[in-house]
Protein chains: 2
Amino acid sequence: MPKEVLFDEETVLKKATALFLNKGYNGTSMDDLTKATGLSRSSLYNSFGDKHSLFMRCLVYYQAGEHGALTEVVSNIASPVKRIKAAFRYLVDVILKSGTRNGCLIVNTTAELATVDKEVCEFVFRNTDIIEHLFTQWVKEAQQQGEISKTFTPTAIARHLFNTYVGLRISEQSNPDKKFLDDIVKVALSVLV
Amino acid sequence: MPKEVLFDEETVLKKATALFLNKGYNGTSMDDLTKATGLSRSSLYNSFGDKHSLFMRCLVYYQAGEHGALTEVVSNIASPVKRIKAAFRYLVDVILKSGTRNGCLIVNTTAELATVDKEVCEFVFRNTDIIEHLFTQWVKEAQQQGEISKTFTPTAIARHLFNTYVGLRISEQSNPDKKFLDDIVKVALSVLV
DNA sequence: CTATATCTGGAATGATTATTCCAAACAATA
DNA sequence: TATTGTTTGGAATAATCATTCCAGATATAG
């Protein structure tokens, strides 16, 4: 019988993800990854395939983590508008508390690879679609419950919210200041009336 | 007397900028740059210093170009609100017409290098400040002329506009669709009332 | 034409890249 | 305890990276 794997796959993914988040795909070398994860080259290639495969695994892992955190934050908020506001307040909070100002792995990856990497392009597109649908659902609820007007379609508002999110993930890197981010959220969410 | 330079510096910068815009800083090699510009390695190093210096030159060149195009678009629009709307309409137009979906060099660079490259970080911060001030000026005018209410400070609205801009530059890469971008602009600019 | 000062092409360098390979280590079964 | 199939560490490889260097090309000034 085979020798068991000694490392925890999720721990490795977490560390690799942190590295990619900080330095980007092209800025991170396999050498960096071995040092950060503590694994040897062989183990890394054996368990995750090549660099690109490992990166895709990190993207999925990151996506699941973010999605999980978000749904947990809004889990017991009945009002859809309050849900949206809580989500953005939480986002700004995470940005300020992390202190790293690395942005979002998916947003950064969009900027770095979306036009040159087909697999990444597809992932990013699917991700956009998922978030758009989540937001659309929330806005639809809000309109049905009369919390906000029906001036705009749920989709249009959802897309604006998505755009505000990705914008914040860039803005946090170009001007990591609480007032700056608070201003953005305050004005952007003022459309929810 | 020395032999004159045979190539046009601006042409070289334009081609290098296009390459960096498409593949990012780390994704672009000096070999790529020699092929795209037609210059030899020596000429490139002689005229622009190392890769990083050339990149910074490209950033400045790109910034000037974008700023020039924007100010030209709004040059003879008296109403500040119409100026803002025209700017965003122009942006979506450029995005759709270019067809390349490469985003904005400065936004992409923010995502790729802002946390690891001090010089880039400073450039990006200054750029953010410039745009914020430009938008703030426009909003201030709009409020003074009574075009929009004084519910929010000019700075807050300007920051939201900035955020919408950088968001669009990511969104165009994750979902390059006219309706998608139009929806974003429509809702985001609805705060100008 | 000659001299000069700079530009230019391409080879050379040394560091770093991703990836492969293999012998040794190892845990679990028989 | 011997065998088995996998993991593991580190060396080896081949490609690519940014950068340097130098001999020859070239345009101007005298």
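In what follows, chains are A, B, ... by sequence order, proteins preceding strands, each numbered from 1. From a predicted model like this one, the values you see are computed outputs, not experimental measurements.
Atom CG in A/Leu44 sits roughly 12 Å away from atom C1' in C/dA18 (whole-Å rounding). Rounded to whole Å, atom C1' of C/dT17 lies 16 Å from atom NE2 of A/His52. The separation between B/Lys23 atom NZ and D/dC17 atom C1' is 13 Å, rounded to whole Å. Separating the CZ atom of B/Phe48 from the P atom of C/dT8 is a distance of 11 Å, rounded to the nearest angstrom. Rounded to whole angstrom, the span from the OH atom of B/Tyr25 across to the C1' atom of D/dC17 amounts to 11 Å. Between the CE atom of B/Met30 and the C1' atom of C/dT13 there is a distance of 16 Å, given to the nearest Å. We find that CG of A/Leu39 is positioned 16 Å from P of C/dA18, with the value rounded to whole Å. At whole-Å resolution of the value, OH in B/Tyr45 and P in C/dG10 are 17 Å apart.
Taking the side chain of B/Ser42 as heavy atoms from C-beta on, and the options C/dG9, C/dC21, D/dA18, the nearest nucleotide is C/dG9. Of the listed nucleotides (C/dT19, D/dT19, D/dG9), C/dT19 has the atom at the smallest distance from the side chain of A/Lys51. Comparing C/dT19, D/dC17, D/dG9 by their nearest atom to the side chain of B/Ser29 picks out D/dC17.
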For this session: For A/Glu141 and A/Glu147, run side chain to side chain contact (heavy atoms under 4.5 Å, CB included): C-alpha distance rounded to whole Å, both residues' side-chain angles, the deciding distance at 0.1 Å, then the answer.
Result: CA-CA 9 Å; A/Glu141 278 185 58; A/Glu147 284 195 343; over 6 Å; no
Exercise. Yes or no on side-chain hydrogen bond (donor to acceptor under 3.5 Å, both in side chains) for A/Ser43 and A/Asn46, after CA distance, side-chain angles and deciding distance?
Worked result: CA-CA 5 Å; A/Ser43 304; A/Asn46 230 318; over 6 Å; no
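Heavy atoms of other residues, nucleotides or ligands lying less than 6.0 angstrom from NZ of B/Lys186 number more than 12. Within 6.0 Å of atom NZ in B/Lys85, 12 or fewer heavy atoms from other residues, nucleotides or ligands are found, so the atom counts as exposed in its surroundings.
For a distance-only test at 3.5 Å, the side chain of A/Ser43 fails to qualify as a donor-acceptor partner of the base of D/dG9. Side-chain atoms of A/Ser40 and base atoms of D/dG10 include no donor and acceptor less than 3.5 Å apart. No hydrogens or angles were tested; on distance alone, a donor-acceptor pair under 3.5 Å links the side chain of A/Arg41 to the base of C/dT19.
Follow the hydrophobic side-chain contacts under 4.5 Å out from A/Val124 and you never reach B/Ile170; the two are in separate clusters.
When each of B/Asn46 and A/Asp31 is assigned the nucleotide of DNA chain C with its nearest heavy atom, B/Asn46 is the one assigned upstream, toward the 5' end.
Contact annotation for A/Thr28: backbone-only contact, meaning every heavy-atom pair under 4.0 Å involves sugar-phosphate atoms and none involves a base.
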